[in-house]
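To start, the structure itself, in structure tokens.
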2 protein chains.
Amino acid sequence: MTSKVYVEILQQLYRIIEEDGLSAGDKIPSERELAERLNAGRSSVREALRSLEFLGIIETRRGEGTYLKEFGDHQLIGLLGMFILQEKRAKEDLAETKWLIEEMCLSLACKRRTEEHVQELEQLLTKPLDYETFFQWVVKAGNNYLLERIWRVLNDFYQSQHGAISLPHMFYEQMAQSFQTRDWTTIRNIFSEYRRID
Amino acid sequence: MTSKVYVEILQQLYRIIEEDGLSAGDKIPSERELAERLNAGRSSVREALRSLEFLGIIETRRGEGTYLKEFGDHQLIGLLGMFILQEKRAKEDLAETKWLIEEMCLSLACKRRTEEHVQELEQLLTKPLDYETFFQWVVKAGNNYLLERIWRVLNDFYQSQHGAISLPHMFYEQMAQSFQTRDWTTIRNIFSEYRRID
DNA sequence: GAACGAGTCTGGTCTGACCACTTAACGTTT
DNA sequence: AAACGTTAAGTGGTCAGACCAGACTCGTTC
């Protein structure tokens with residue numbers, strides 16, 4: 001037995017969650033039941049659950065049970081900010097990385113945007129638009145969920161440190177036009193241009 | 001008693017670490033001693049320690065004790081990746097995202113590689129080279145720590161799902177040559193070419 | 001139907017007991 | 001004196017059982 005029980009339990013727990021098709025908000029088996037199903041002591045089960053609770057992945061309510069929490073909420077993000085981003089090197093690279101990822105998303109969106117996407121963007125332009133909302137459209141049009149999650153994390157960090165990015169409305173208008181014609185060169189130029197301003 | 005004991009313990013533990021002036025590598029009091037000093041059960045102490053261990057803040061060695069870990073090499077980014085990548089949609093985009101990030105790193109490395117980097121790569125080429133080792137060189141030459149962490153997560157998960165990528169030695173030779181001349185166009189072409197093969 | 005209450009489920013905590021492993025001390029042998 | 005082996009103490013790893021506190025179920029009572 002080289003591996004620790006509570007690590008095993010974490011893996012088994014994932015299996016159970018998948019097999020039972022549990023998702024956010026659902027109740028997971030009680031500690032006693034888990035201990036029995038996994039042939040482990042209740043204290044070991046609790047050690048595993050505590051770790052998950054600490055990360056904000058589950059929520060325990062005395063007398064009720066243990067529930068899966070919605071991922072993407074503040075807990076993990078906050079922890080990351082607290083620990084990882086305190087590393088100087090990571091902090092220094094945050095802005096650059098965010099920009100590179102955004103350029104990547106723009107490229108994907110340019111290739112994959114549909115007519116519906118363009119229309120939706122037109123709709124957004126009728127009202128004052130902010131950088132974050134615009135890029136939420138971009139990552140959606142880019143149709144890569146993983147990249148969307150990565151961008152969201154970087155964006156949250158960036159905002160917490162530098163505040164929101166503000167660009168003139170013309171930026172979004174020019175972007176929209178270029179997306180309509182799938183003019184990648186122009187999109188890239190606009191992005192570089194306004195990045196310098198910001 | 002509204003607050004949970006293990007949360008209290010975490011706070012007390014932080015105080016103890018400060019008061020005793022403990023830093024990375026130092027040994028913290030044993031579980032039994034902590035339980036006594038904090039008037040808590042050993043199981044509660046363990047629940048707190050497990051959370052910290054899960055985050056990589058401490059390291060426990062059976063028979064020896066519990067030690068503070070170097071601040072900075074904890075696996076929060078890895079954990080974040082683990083939970084994001086657990087989602088089906090994210091999994092589907094894994095290969096594409098990994099490739100995009102890699103292309104991004106290649107671009108950075110092409111711009112920023114120094115003479116020392118090139119020499120180091122030459123050194124690597126004297127022996128059989130694998131994809132992962134090569135890209136570790138790339139991300140290092142790219143000089144973006146955050147991107148390095150992101151790539152590592154994606155790479156780990158890709159490998160766990162698809163196994164290691166194997167490319168002919170010529171690929172690395174061509175890459176090395178193009179890096180020497182900073183020929184980004186060729187680097188990109190080689191990358192696209194061999195990606196199709198893989 | 002509404003209000004009460006016993007029983008049962010849940011998580012929260014503590015205690016005590018082993019086990020496996022490491023280290024240090026002590027003694028013996030060479 | 002140096003090398004070796006043995007022993008004892010300390011440490012994390014795990015389990016079982018007990019009790020507490022909150023929340024729910026459901027039958028009884030008003």
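In the text below, chain A, chain B and the rest are named by the order of the sequence lines, each starting its count at 1.
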Starting at [atom1] of [X] and ending at [atom2] of [N], how long is that distance when rounded to a whole Å?
X       : N      : atom1 : atom2 : answer
A:Glu59 : C:dT10 : CD    : P     : 17 Å
A:Arg50 : C:dG11 : CZ    : P     : 9 Å
B:Glu64 : C:dT22 : CD    : C1'   : 6 Å
B:Ile9  : C:dT13 : CD1   : C1'   : 10 Å
A:Arg62 : C:dG11 : CZ    : C1'   : 7 Å

* Asked: B:Thr60 side chain N/O closer than 4.0 Å to the phosphate oxygens (OP1, OP2) of D:dT11?
  ->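 It does not, given that no N or O in the side chain of B:Thr60 lies less than 4.0 Å from OP1 or OP2 of D:dT11.
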* Is there a residue in residues 31-47 of chain B whose heavy atoms reach under 4.0 Å of DNA chain D, and which residues are they? ->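 Contacts with DNA chain D under 4.0 Å: B:Glu31, B:Arg32, B:Arg42, B:Arg46.
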* Return the minimal non-hydrogen interatomic distance between B:Cys105 and B:Val139, and the atom names on each side. =>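 So the two residues come closest at SG-CG1, 3.8 Å.
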* **Carboxylate-amine/guanidinium contact A:Glu102 A:Lys98, below 4.0 Å** =>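 A salt bridge is present here (some side-chain N lies under 4.0 Å from a carboxylate O).
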* Excluding sequence neighbours, so at least two apart, what forms ring-ring contact (aromatic ring centres under 6.0 Å, His included) with A:Tyr131? ->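 ring-ring contact (aromatic ring centres under 6.0 Å, His included) list for A:Tyr131, sorted by chain: A:Phe135.
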* Asked: Taking only residues two or more places apart in sequence or in another chain, which ones pass ring-ring contact (aromatic ring centres under 6.0 Å, His included) with B:His162?
  ->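 With neighbours one apart ignored, the set is B:Tyr158.
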* **B:Arg42, CZ atom: more than 12 neighbouring heavy atoms under 6.0 Å** =>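 Correct, the count exceeds 12.
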* Over 12 non-hydrogen atoms of neighbours within 6.0 angstrom of CD in A:Glu103 ->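 It does: A:Glu103 CD has more than 12 such atoms within range.
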